[in-house]
Engineer: 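Structure in structure tokens, see below.
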2 protein chains.
Amino acid sequence: MITKILSGNSRLKTDQLFEQLTVQEQEALLGPGVTHVYKKGEMLFRDGGIPTGIYYIRSGVVKKFKTTAKGGEQIFYLCGEGELIGYHALLGEELYSDSAATIIDSQITFIPKDDFVKVLRSSATLSNALLKALGHEFSLFINSITNLRTKSVRERLAFNLLLLDMKFNSSKQSDIASDIQLSRTDLANLVGTAKETLVRQLQEFKREGIIDKTDKTIRIVDRKRIIKEANLLGLNQKKSRSNIP
Amino acid sequence: MITKILSGNSRLKTDQLFEQLTVQEQEALLGPGVTHVYKKGEMLFRDGGIPTGIYYIRSGVVKKFKTTAKGGEQIFYLCGEGELIGYHALLGEELYSDSAATIIDSQITFIPKDDFVKVLRSSATLSNALLKALGHEFSLFINSITNLRTKSVRERLAFNLLLLDMKFNSSKQSDIASDIQLSRTDLANLVGTAKETLVRQLQEFKREGIIDKTDKTIRIVDRKRIIKEANLLGLNQKKSRSNIP
DNA sequence: CGGACAATTGAAGCCGGTCAAAACTGGTGG
DNA sequence: CCACCAGTTTTGACCGGCTTCAATTGTCCG
């Protein structure tokens, strides 16, 4: 399980959807597309909106999230370079069930629905790649739900820091070097906790020498420890209240 | 959103995967299959196992869940009559990321991997039906995650009771008649809480006249109230601590 | 240099988890 | 038909992890 999640691949599996296509197919998709530069914080689409196409991230980072009526934001995925987004609603033939917005300045190509469908119809490769990607995403969601239900904030934070590090640190020079840029609020919404709780937990990790952090940067110092803290096996031995008087 | 989730269709969308296929395709799938009778509580497959085919539920109910190392069980979906299970891992080309077991005595057909793949290759319909189903499942997971993060046990319980009622009560005679059979433990694991907490919340609903229950049966008495309690809009007005002294 | 926003720290209290034990159920055999 | 056991449901008590509210510090820019 651990090996599965943290397997050495520099890129995670879901990222590979687009890469699996032939060059011809990639061009057929991107050809009709319109590339646009998004500033940090711009919305790509909104929960409840009508899907009119999909998006290809040439550079940048996009968060997928859902907003609650009270203004809260639940982030459940971060998309990076080379990933496609927005195809779920299109495939499911329904309205967007989530929103997407850039976290940093990004360059993104919009692929109109018709063009996407055309390639989809003519290419078994795309169809299969999508099935594979969606099948895989399923296991990610399972894990995500299980984590939310059974893990503490500390464990979830450690886990997310690991994922962020693996996904967004191309600088593979050293196990120890890794920087993560993400506002406290975003990180809290990704981990699924209040930002105050998040901050306190970060402090604690720093005090324990597991991470280092400046105002906007988090760096994993002790990789082994943070893997241990993430407790991927779920063996968490709750300090039992058994003082046996 | 509410209308979307609770739309009048007697069956929920995901159930319809198999139904979308032509009769020929259905037969091509089930033809080579082997039907087997499972007693309540039997496992179909286990987290970490190698997928060798998919399952079609002729009758009965199957829970999809994940076990934690400590023995806990996280249920995230209940499959009913006419549904397919186990295709995610096959499509994603990986090991099962979840387990499946019957909740009541069930009649289930096993479709070997090769036969499934054969039909998948030759039929654009199945391929498209799968894409649609998976795309839709995505939105269910989003909702599930959001619910876990932002809703109280009371709200989640109300929501799940509604879903159970809609999905497993073919007896459409009356809005009020509805029986749900599920052990307290299973229900707790479905809602995502401890069974003691669940029991207390059930008591409370009963005391408030929203539901009725005997030892193993739960019946929704006041449908409007329970919809309200589920708080599908997320407008939960937390009793603000503002006593303004 | 102030104004806005993000990050941090402090304090209080509730929700829900855990442990423990009682009440209830159904099934079994004497 | 009753006594008994095993499993499930229910009730009680406790308390700790998180959320929430509030206030302070830090930081980036115009």
Side-chain angles (χ1 to χ4, degrees), chain A residues 40-41 68 70-74 103-104 147-158 180-189 191-207 211-218 229 231 234 236-245, chain B residues 40-41 68 70-74 103 147-158 180-207 211-218 229 231 234 236-245:
Chain A
K40 166 182 179 176
T68 66
K70 285 203 291 291
E73 205 171 82
Q74 309 302 320
I103 281 191
I104 59 178
N147 283 345
L148 270 178
R149 285 196 188 173
T150 63
K151 301 251 178 100
S152 65
V153 167
R154 162 177 264 253
E155 291 167 321
R156 297 205 305 269
L157 173 57
I180 296 161
Q181 282 207 22
L182 203 53
S183 77
R184 294 290 185 268
T185 304
D186 277 342
L187 185 51
N189 291 338
V191 172
T193 187
K195 65 173 181 297
E196 295 92 330
T197 313
L198 175 97
V199 166
R200 278 184 257 265
Q201 196 55 65
L202 281 177
Q203 299 293 11
E204 201 153 325
F205 278 160
K206 182 177 182 180
R207 205 180 319 133
I211 65 171
D212 195 5
K213 73 183 178 63
T214 60
D215 192 31
K216 292 213 178 301
T217 294
I218 299 169
E229 293 298 341
N231 188 24
N236 188 337
Q237 65 300 353
K238 286 271 174 79
K239 42 225 143 189
S240 62
R241 213 188 311 167
S242 56
N243 304 337
I244 310 175
Chain B
K40 167 182 178 176
T68 66
K70 285 202 293 289
E73 204 171 83
Q74 307 303 320
I103 280 191
N147 283 345
L148 271 178
R149 286 196 187 173
T150 62
K151 301 249 180 102
S152 65
V153 167
R154 162 176 264 253
E155 290 167 323
R156 298 205 304 269
L157 173 57
I180 296 160
Q181 283 207 25
L182 202 54
S183 77
R184 295 289 185 269
T185 305
D186 277 342
L187 186 52
N189 291 337
L190 180 66
V191 172
T193 187
K195 66 176 179 297
E196 294 92 330
T197 312
L198 174 98
V199 166
R200 276 184 258 267
Q201 195 55 66
L202 280 178
Q203 298 293 12
E204 201 152 326
F205 278 159
K206 182 176 182 180
R207 205 180 319 132
I211 66 171
D212 195 6
K213 72 182 179 61
T214 60
D215 192 31
K216 292 214 178 300
T217 295
I218 299 169
E229 292 299 340
N231 188 23
N236 188 338
Q237 63 301 352
K238 287 272 174 79
K239 40 226 147 189
S240 62
R241 213 187 311 168
S242 56
N243 304 337
I244 310 174

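Chain naming here is simple, since letters A, B, ... match the order of the sequence lines and numbering starts at 1 in each. Any value given below was found using the heavy atoms of this structure, including those in side chains, with hydrogens, waters and symmetry copies removed.
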Engineer: How long is the line joining CD of E204(A) and C1' of dC18(D), in whole Å?
Structural biologist: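 From E204(A) CD to dC18(D) C1': 13 Å.
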
Engineer: dG17(D), OP1 or OP2 - any side-chain N/O from T197(A) closer than 4.0 Å?
Structural biologist: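 The answer is no; no side-chain N or O of T197(A) sits under 4.0 Å from OP1 or OP2.
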
Engineer: Roughly how many Å is it from CG in L198(B) to C1' in dT8(D), rounded to a whole number?
Structural biologist: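 In whole Å, dT8(D) C1' and L198(B) CG are 13 Å from each other.
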
Engineer: Using atom NZ of K40(A) as one end and atom C1' of dC28(D) as the other, report the distance to the nearest whole Å.
Structural biologist: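 To the nearest whole Å, that distance equals 11 Å.
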
Engineer: When you measure from the side chain of Q201(B) to the backbone of L198(B), do you find a donor-acceptor pair of N or O atoms at a distance under 3.5 Å?
Structural biologist: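 Side chain of Q201(B) to backbone of L198(B), a donor-acceptor pair under 3.5 Å: no, none is there.
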
Engineer: Rounding to an integer number of Å, can you tell me how far Q201(B) CD sits from dT10(D) P?
Structural biologist: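 It works out to 13 Å between those atoms.
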
Engineer: When the distance from CG of L187(B) to C1' of dT10(D) is rounded to whole Å, what number comes out?
Structural biologist: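 Those two atoms, CG and C1', are 15 Å apart.
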
Engineer: Send over the distance from K206(B) NZ to dT11(D) C1', rounded to a whole Å.
Structural biologist: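 Nearest whole value for this atom pair: 14 Å.
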
Engineer: When rounded to the nearest 0.5 angstrom, what is the spacing between CD in E204(A) and CD1 in I211(A)?
Structural biologist: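 Result: 10.5 Å between the selected atoms.
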
Engineer: Got a sec, which residues hit side-chain contact (heavy atoms from CB on, under 4.5 Å) with K213(B), two or more places apart in sequence or on another chain?
Structural biologist: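 With sequence neighbours excluded, K213(B) shows a side-chain contact (heavy atoms from CB on, under 4.5 Å) to R184(B), L202(B), Q203(B), K206(B), I218(B), given in chain and number order.
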
Engineer: With the side chain counted from C-beta on, respond yes when D186(A) and E73(A) share a heavy-atom pair under 4.5 Å apart, and no when they do not.
Structural biologist: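 Side chain of D186(A) against side chain of E73(A), heavy atoms only: contact under 4.5 Å found.
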
Engineer: Between the main-chain N or O of F205(B) and the side-chain N or O of R154(B), is there a donor-acceptor pair closer than 3.5 Å?
Structural biologist: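 A pair under 3.5 Å: no.
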
Engineer: In whole Å, I'd like the distance from the NZ atom of K70(A) to the P atom of dT19(D).
Structural biologist: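 K70(A) atom NZ is separated from dT19(D) atom P by 13 Å.
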
Engineer: What is the distance from CD1 of I218(B) to P of dT9(D), rounded to the nearest Å?
Structural biologist: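 The distance from CD1 of I218(B) to P of dT9(D) comes to 10 Å, rounded to the nearest Å.
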
Engineer: Tell me whether R156(A) contacts the main-chain N or O of G192(A) through its side chain, where contact means a donor paired with an acceptor under 3.5 Å.
Structural biologist: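 Indeed, once roles are kept as given, a pair shorter than 3.5 Å links the two residues.
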
Engineer: Reading nucleotides 4-9 of chain C 5' to 3', which nucleotides get B (base under 4.0 Å from a protein heavy atom), which S (sugar-phosphate only), which -?
Structural biologist: --SSSB

